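Report on the following structure.
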Amino acid sequence: MFNKRILAGVVAAAIAGFPGVAPAQGGAKVLRLVPHSNLAILDPIWTTAYMSRNHGYMIYDTLFGTDEKNQIKPQMVESWTESPDHRLWTFKLRKGLEFHDGKPVTGEDVIASLARWGKRDAMGAALFTFVDRMDAPAPDSFRIFLREACGFVLEAIGKPSSNVPFIMPKRVAETDAFKQIEDYTGSGPYIFKRDEFKPGDKAVYLRNPKYVARKEPPSGSAGGKHVYVDRVEWNLALRDAQAQVNALQKGEVDILEQPAFEHVATLKADKNLLVYDYSPVPWQYMARFNHLNKPFDNEKVRQAVMAAFAQQPFLQAQVGVKELYKTCPSMFICGTPYASSFGTELQSKSNMKKAQELLKASGYDGTPVMLMKPTDLPAINKLPDVAAQLLRQAGFKVDLQAMDWQTLVGRRAKKDPVDKGGWNMFITAWQGPDVWNPIANAALDTRGTASGWFGWPKDDKIVELRGKFMREIDPAMKKKLSDEIQAEAFRTATHVPLGEFIAPLAARKNVSGFFRQTGNFYWNLKKN
């Protein structure tokens, strides 16, 4: 085993090998954590996968952040103005913004980054239906010209979760939005150690000594991003849930990002550990159809699934700990402004008999449902088994295929028929901010194959209603429109909400500085 002196020398040598990064003085502090999954995709704009998003937050910065009270706060932006007609937005960047290669962050970098993000993200795509053009009148500023006013400019460019509008160098951001980037130069609080990255093994990040943090305390994805450790190591190889707990208890790792629910009680009972619910709002489970392939190209078949998928069996099987889950009829997060039971009867008041009747009336021809099951994601790996059982009870044939999460993430992007590598259904989990309003919720982007998120439903009525919602500024009218969007989404079965849950992290008590956040952020942490 390494003693402290040898470990410090190894870390210092690794840091010294990266341009612009000085070795830590007095011994390097290394924060070791086990993330919730493997990291395979390094482009956080190309995918909505949270591992890629979390990687993005380590190395990139954002124009705005969203604090724990859902308030938009400036991050890279110093100041901004809005014209009286709400069609011209002018932003000035704060001083000290510098990419890891030593080049300053400019308005041109911002414009290119936003343009690429707007081609992949649901909320970004919505915003860019209003954008006429963008320019950079000075190196430290940029402007957004709108064709017509809309009420969510800051909410879009300050959104805290997938896809996050991270700012990249122009040369990187000019990569085709449907191809993955190969250059991971950012301007954020950490620097990605590409030469130490091994998918399925580890990812390493070094403190960015030139990063200038904001002065405000951290809150959500906003506030100061202060780094108090020299090196962060993600253990990507430790996938067994019990082995993760053992490693945390022995001090071999410092943080478990998402421990298995069945181990929460054990972790809470250990006096050396902290179990912390960091999120201000719950997560949501969701079943997603592929609307392009049989049998889910048939609306009536999807409705039968909606009726069969009562939330309680999913939550009880996957979470099990009553205080960590609850049913919620809404497609938006319960307790947030747009939550409602309006139009939810197809799921909330149905039963298996109703599902069987709907399936029989749909003309279902026995086409097997290819349901993808992740094997390495403890937070969702039991849900597909429940889904398969309920589908069979309703009368479906089911082809349950097991694969690791990163394989699933790659496969769900394919629009091919099932026998050519495509799929019919998968189940995922969203953090609250991703699904708590009709614009952010990627599952409600119903532009068909032009849609940015996997499943590609086509519903012109939802497109029209979302367009009205984007333009509306009256809160009461926005609530009415969100109800109408939800009712139509339930009627046409764009996807199925499967209830809400809390996913706490676990850490050793010698790690401090945790704060309420809208993602998985590793700044502000101190290790004693």
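Here the structure is a predicted model, which is why all the values come from computation and not from measurement.
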When rounded to the nearest 0.5 angstrom, what distance separates [atom1] in [X] from [atom2] in [Y]?
X	Y	atom1	atom2	value
Leu377	Trp405	CG	CH2	6.0 Å
Arg231	Lys193	CZ	NZ	7.0 Å
Lys480	Asp474	NZ	CG	11.5 Å
Leu146	Phe130	CG	CZ	8.5 Å
Thr492	Met306	OG1	CE	9.0 Å
Arg53	Tyr57	CZ	OH	7.0 Å

For a 4.5 angstrom cut-off between non-hydrogen side-chain atoms, does [X] reach [Y]?
X	Y	value
Cys334	Pro329	yes
Thr446	His291	no
Glu148	Arg471	yes
Pro35	Leu236	yes
Val229	Leu525	no
Leu42	Ile181	no
Thr518	Gln431	no
Trp283	Gln258	yes

Checking ring pair (Phe, Tyr, Trp, His ring centres under 6.0 Å) against Tyr285, which of Phe426, Trp430, Phe309, Phe501 comes through?
Phe501
Check side chain to side chain donor-acceptor pair (under 3.5 Å) between [X] and all other residues, then give those that pass, not counting sequence neighbours.
X	value
Arg239	none
Ser83	Asp85
Trp453	Thr48
Tyr60	none

Do you know which of Asp43, Asp176, Asn163 makes side-chain hydrogen bond (donor to acceptor under 3.5 Å, both in side chains) with Arg116?
Asp43
Can you pull the salt bridge (charged side-chain N to carboxylate O under 4.0 Å, His left out) pairs that have at least one residue in residues 507-524, sequence neighbours excluded?
none
For residues 472-497, the ring pair (Phe, Tyr, Trp, His ring centres under 6.0 Å) pairs (sequence neighbours left out) are none
For the residue pair [X] and [Y], what are the closest heavy atoms and their distance?
X	Y	result
Leu93	Thr106	CD1-C, 3.9 Å
Leu39	Tyr205	CD2-OH, 3.6 Å
Gly96	Val212	O-CG2, 3.9 Å

Output yes when Arg491 and Glu488 qualify as a salt bridge under the 4.0 Å nitrogen-oxygen rule, no when they do not.
yes
Pick out which of Ile380, Ile427, Val435 makes a side chain to side chain contact (heavy atoms under 4.5 Å, CB included) with Met286.
Val435
Would [X] and [Y] count as a close aromatic pair, with their ring centres under 6.0 Å?
X	Y	value
His55	Phe192	yes
Tyr190	Trp523	no
Phe514	Tyr278	no

Does anything in residues 125-142 form a side-chain hydrogen bond (donor to acceptor under 3.5 Å, both in side chains)? List the pairs, not counting sequence neighbours.
Asp135-Arg143
For residues 216-226, which residue pairs qualify under side-chain hydrogen bond (donor to acceptor under 3.5 Å, both in side chains), counting only residues two or more places apart or in two chains?
Asp61-Lys225, Glu68-Ser219, Arg214-Glu216
Could you tell me which residues satisfy ring-ring contact (aromatic ring centres under 6.0 Å, His included) with Tyr522, sequence neighbours excluded, listed by chain and number?
none
What pairs with Trp117 under ring-ring contact (aromatic ring centres under 6.0 Å, His included), at least two apart in sequence or on another chain?
none
Pairing residues for Pro438 by the side chain to side chain contact (heavy atoms under 4.5 Å, CB included) criterion, not counting sequence neighbours:
Phe332, Tyr338, Phe469, Ser482, Ile485
Can you name the residues that form a disulfide (SG to SG under 2.5 Å) with Cys150, not counting sequence neighbours?
none
Quiz question: by atom type and distance under 3.5 Å, do the side chains of Thr185 and Asp101 form a donor-acceptor pair?
no
